[in-house]
Every structure is written in C-alpha cells, then in structure tokens.
Amino acid sequence: MQAAAQRTWTPGQRRHIGDLAWGLRYLGRAALWTAADGEVAAWAIAGDSLYAPAGLAGEVIGWLGEPEITVLETEEHLTAALEEAGYVRRDGGPFFLHCAVELDGLPELTVPEGYEIRAVRPDEAGQRAAAHRAAWRPARIGALMVPPADLGAGESSMTTEACQSVMDTWPYRADLDQVAVAPDGSFAAFALGWLDEVNKAGELEPVGTVPGHTRRGLASAVSLASLHAMRAAGATRAVVYPRGDEAYPVARKVYFGLGFEPVARTVTYVRAT
Ligand SMILES: CC(C)(COP(=O)(O)OP(=O)(O)OC[C@H]1O[C@@H](n2cnc3c(N)ncnc32)[C@H](O)[C@@H]1OP(=O)(O)O)[C@@H](O)C(=O)NCCC(=O)NCCS
C-alpha cells in the first residue's frame, strides 16, 4: 500500500506513506487490488481512505459500501466515481485542509525558554506515548472546539506498545520525531515527521502540546525542528493536514504560522440511495 501511494504521490493525493505507517494500528476492514505482476493497484481502508486509479475506482467504492466516503477534492477521478455510484457531496461538516510548504525558506528554530528540543530516543516510547495521550485526550480536543464540545471522558488509545509499534514501522526515523522536553524532564510537545525519500516529501503527523505548556510556541518549535530535519534528510517540501472547518481552528493557525499553505481539502460524499 505504501509502495502504491509512493508511486503516484503529489501534494494533491490523499495519502502519503507516513499516513499509512501512522494509521496501521487503526487498520480494520481493508482490501487490496493487485495487478498481474503482484503490484498493488488499489486499496481501501474502511472508515479512512481509498486509493484507486480511474479504472478501479467504482469497484473499490462498491467494496467499501459505506454511507459516507471521504476523498480529496483534487482526486477528480474519485469524486466522479462516487457520483457515478450514487453519492452526493455533503455541504458543511468537518473537513481537512491539505497544506504544503517548500522547505527552502524555513525560519530559524527559536527554542522557547526553559525547554529543550531534540529527537526522541529509542527507549522513550513510554514517555512519548504519555505526551500523546495528554495532548489528544478527547475532553481536551472538545475544549479546543468552537463552540466547545463534550467529547466524553475517554482516553486516546496510544499506549507504550502502540507507540513502540509506530517507532518500528517503516519509514519511521527518530531524527524526524522531535519533542520539547520541559524543565521537569517530561515531554511537553511533539511533532512526528515522516519522509518519502523517493518524492523528497515530508509529512507531519501527528503534532501536539500537553495542556499546561500551550501558547509558548512549542508546537511551532517542534514542528519546525522536524521540518529542518526533513530538509537535512533530503526533503524539498512537506505536507500536513489540519482541520479546515470553523469548529476546530487552532491547529491550522500553528501551520500557517510556519508558512504552510492550503493546496487541497477533503470532501465527504454521502450515499443518496
Ligand atoms: C494545536 C496545538 C498543537 C497548539 O499547540 P501550542 O504549543 O499551544 O501552539 P503554539 O504555541 O506553537 O501556537 C502557535 C499559534 O497557533 C495559534 N494557537 C495555538 N493554540 C491556540 C488556541 N488555543 N487558541 C487560539 N489560537 C491558538 C496561535 O496563533 C499561536 O500563536 P500565538 O500564541 O503567538 O498567538 C495544541 O493545542 C494541541 O496539542 N491540540 C490538540 C492536538 C492537535 O490539535 N494537534 C494538531 C493537529 S493537526
């Protein structure tokens, strides 16, 4: 699946190889379509995404059979196939902005006072997972929404084992997994970067700051540290996908502040019949 996504990647394609590495632990019902030579020609991940050339799009959509399917607006062969299959574009609701930045003119990294910015070490999956859970706690995400929403008292599913498995998944590289270390030694913010060496394209997924450390420039600093590391590793540009709708505005502000600009958005199609 990663090879297929890598073969055709542009900033206007829904999935980068990093998405597939990060999303592996959420993988539920999924299917592959292979060509005669065994190469993956198309795939579908229920509740997430599909990848298909025009000739297979209808079949992949039929296999998914979900009431709602999300694609990128720029994937016109997929939007056409969805309409052909009886889906209609939903107006309103959440969507993601695909944003890109050229890595040539990156600002210099300024480290917020009192913090250290560095790459994650191989034995730090536990601490890394704890920071992720704190940043992505549903109640906290709900509090950042406009208007605030009650997302319940649950926890993110990120455990030490899950974090270790991300760290063991190609193409994870510790130099792109940057953290801000607080004076007490805990991780206050993180930005996980992924590199597609063939396309010289980086991706940030995910980024977060632990409550209590926000609005100090930490998400910006760790993201920038990862972008600099991507550039040093050969990337010429990078992508990130913050929410684009008014209900969740904070994330995109961080990335716009670093020079990212929107190149596409997701669109959700709903089965009409
Ligand atoms: C979004 C998030 C990463 C921001 O972390 P942070 O360390 O506070 O971000 P920064 O201090 O670097 O903020 C950079 C800019 O983003 C904007 N911003 C960040 N948090 C904001 C908030 N709560 N309200 C309004 N603007 C905000 C501001 O423009 C800010 O610059 P300023 O403080 O100079 O005004 C953090 O709130 C978080 O972890 N949220 C939950 C997970 C998440 O949404 N991750 C990003 C998904 S793509």
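Not measured: the values here are computed from a predicted model. We number each residue from 1, following the sequence as shown. Whatever order the structure lists ligands and atoms in, that order sets their numbers, starting from 1.
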Heavy-atom closest contact (E66 atom, G47 atom, distance): OE2-N, 2.8 Å
Numbered atoms and elements of ligand 1 in range of I141, under 4.0 angstrom, heavy atoms: 41 (C), 42 (C)
Flag for Y241-T266: side-chain donor and acceptor within less than 3.5 Å: no
Sub-4.0 Å heavy-atom contact, P206 with ligand 1: no
Enumerated ligand 1 atoms positioned under 4.0 Å from heavy atoms of A251: 46 (C), 47 (C), 48 (S)
Test of proximity, S220 against ligand 1: N or O pairs below 3.5 Å: yes
Close N or O approach (R215, ligand 1; < 3.5 Å): yes
Atoms of ligand 1, numbered as shown, that sit under 4.0 Å from any heavy atom of R216: 11 (O)
Aromatic plane relationship, W33 with W63 - under 30° parallel, 30 to 60° tilted, over 60° perpendicular: perpendicular
Audit row: R15, E75, salt bridge (Lys or Arg N to Asp or Glu O under 4.0 Å) steps and yes/no: CA-CA 11 Å; R15 292 300 180 212; E75 298 173 313; over 6 Å; no
Any R140 heavy atom less than 4.0 Å from ligand 1: yes
Polar proximity ligand 1 side, G217 side, N/O cut 3.5 Å exclusive: yes
Test item, A135 contacting ligand 1 (heavy atom, 4.0 angstrom): yes
Proximity of L144 to ligand 1 by residue part, where a heavy atom lies under 4.0 Å: side chain
Axial cation check for W22 ring with R25, 6.0 Å and 45° limits: yes
